[in-house]
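Here is the structure we will look at.
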Amino acid sequence: MSSPSTGTTPPDARFGVRSVLALVSLALVAVPFGLLLFFVQDNWPPLRAVDQGGRDGLHRFALAHHTFTAVMKALSTIGSAPVYFAVFAVLVAWLLHRRRRGLAAFVAVTEAGGAVLNELVKTVVHRARPVVADPVAHASGLSFPSGHAQSAVVSYSLLLLLFWNSAGRRWRPVAVAVAAVVVLGIGLSRTALSVHYVSDVLAGYALGAAWVVAMTATFGAWHRENPSRFEEEP
């Protein structure tokens with residue numbers, strides 16, 4: 001005989017629902033990255049046309065508009081590794097000071113691990129950066145996926161997650177909008193400065209989103225098993 005309904009969902013069922021939602025979310029952001037990787041490796045003509053058109057068109061615009069170029073360089077600097085390192089080193093130290101070790105580990109692993117993942121994928125794909133006749137900026141290393149675009153998604157997602165509760169309902173939409181504008185601006189800057197193709201930036205966005213979803217699901221499971229590690233200790 002089945003037991004009467006208590007009006008609550010058993011913990012195992014809640015965990016199963018969360019797991020399915022996490023897997024679906026991961027697939028939704030991982031599949032676009034996989035497709036972009038396949039098309040880049042296959043040198044798919046439509047994507048090649050978009051990459052070359054974006055490179056050439058934005059490069060001509062940057063050469064003709066110096067203020068635009070200066071803004072793009074500023075955005076590129078904002079989205080650089082040294083800036084993220086400084087910001088998240090302070091955040092991790094602050095979380096450790098508050099004895100929120102689990103949350104500090106989540107932030108540190110997600111931020112640093114994303115950078116390592118980007119370098120691994122770049123090494124495997126080994127795509128050269130765009131080449132233009134009169135460059136307005138220079139960048140070393142490989143091109144696919146864009147580290148700036150990936151780091152922007154990871155970093156601003158972490159900031160939103162960290163301060164979501166304290167932001168309050170009134171300011172949450174503003175925070176999301178500002179984060180979205182900055183992330184898109186950083187991605188645009190990498191193409192406008194001719195140091196990445198459009199597909200590099202899109203792949204960086206997709207890989208960054210997939211990484212955040214994967215890490216959130218992983219640390220979410222750890223949180224359920226060890227909630228005390230995520231709470232502020234006295």
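If you read the sequence from its start, that first residue is 1, and numbering goes on from there.
Taking the six-membered ring for Trp and thresholds of 30 and 60 degrees, Tyr84 and Tyr156 have ring planes more than 60 degrees apart, a perpendicular arrangement. Between Trp94 and Phe163, the ring planes lie parallel to each other; the angle is under 30°, not in the 30° to 60° tilted range.
Closest of all the heavy-atom pairs between Ala128 and Ser143 is O-CB, 3.4 Å. What you find for Pro135 and His138 is that their closest heavy atoms are CG-CE1, 3.5 Å. Closest approach of Tyr205 and Gly187 over heavy atoms only: OH-CA, 3.2 Å. The two atoms that bring His148 and Gly79 nearest to each other are CD2-O, 3.1 Å, heavy atoms only. Minimum heavy-atom separation, Ser199 to Phe144: O-CE1, 3.9 Å. Between Asp134 and His59 the shortest heavy-atom distance is O-CE1, 2.8 Å.
Rounding to the nearest 0.5 Å gives a distance of 11.0 Å between CZ of Phe39 and CG of Leu37. Within the model, atoms CG of Leu158 and OG1 of Thr216 stand 7.5 Å from one another, a figure rounded to the nearest 0.5 Å. Taking NE2 of His196 as the reference point, atom CG of Leu58 lies at 14.0 Å (rounded to 0.5 Å).
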Working for side-chain contact (heavy atoms from CB on, under 4.5 Å), residues Asn118 and Trp211: CA-CA 10 Å; Asn118 183 267; Trp211 179 249; over 6 Å; no
Applying side-chain contact (heavy atoms from CB on, under 4.5 Å), run through Val107 and Leu161 and close with a yes or a no. CA-CA 10 Å; Val107 171; Leu161 289 171; over 6 Å; no
Starting from the C-alpha separation in whole Å, work towards a yes-or-no answer on side-chain contact (heavy atoms from CB on, under 4.5 Å) for Val121 and Leu207. CA-CA 10 Å; Val121 176; Leu207 187 59; 4.0 Å; yes
side-chain contact (heavy atoms from CB on, under 4.5 Å) for Leu142 and Arg129? Distances and angles first, verdict last. CA-CA 6 Å; Leu142 299 168; Arg129 290 186 183 270; over 6 Å; no
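By the criterion of side-chain heavy atoms lying less than 4.5 angstrom apart, applied directly or through intervening Ile, Leu, Val, Met, Phe, Trp or Tyr residues, Phe88 is grouped together with Leu96 in one hydrophobic cluster. Transitive grouping of hydrophobic side chains (ILVMFWY, heavy atoms separated by less than 4.5 Å) brings Leu63 and Val71 into a common cluster.
Side chain of Ser189 to backbone of Leu75: no donor-acceptor contact under 3.5 angstrom is found.
With sequence neighbours excluded, the residues forming a salt bridge (Lys or Arg N to Asp or Glu O under 4.0 Å) with Arg127 are Asp51, Asp200, listed by chain and number.
With hydrogens and angles left out, the side-chain atoms of Arg190 and Ser76 include a donor and acceptor closer than 3.5 Å.
Contact check for Thr69 versus Met72: no side-chain heavy atoms found under the 4.5 Å cut-off.
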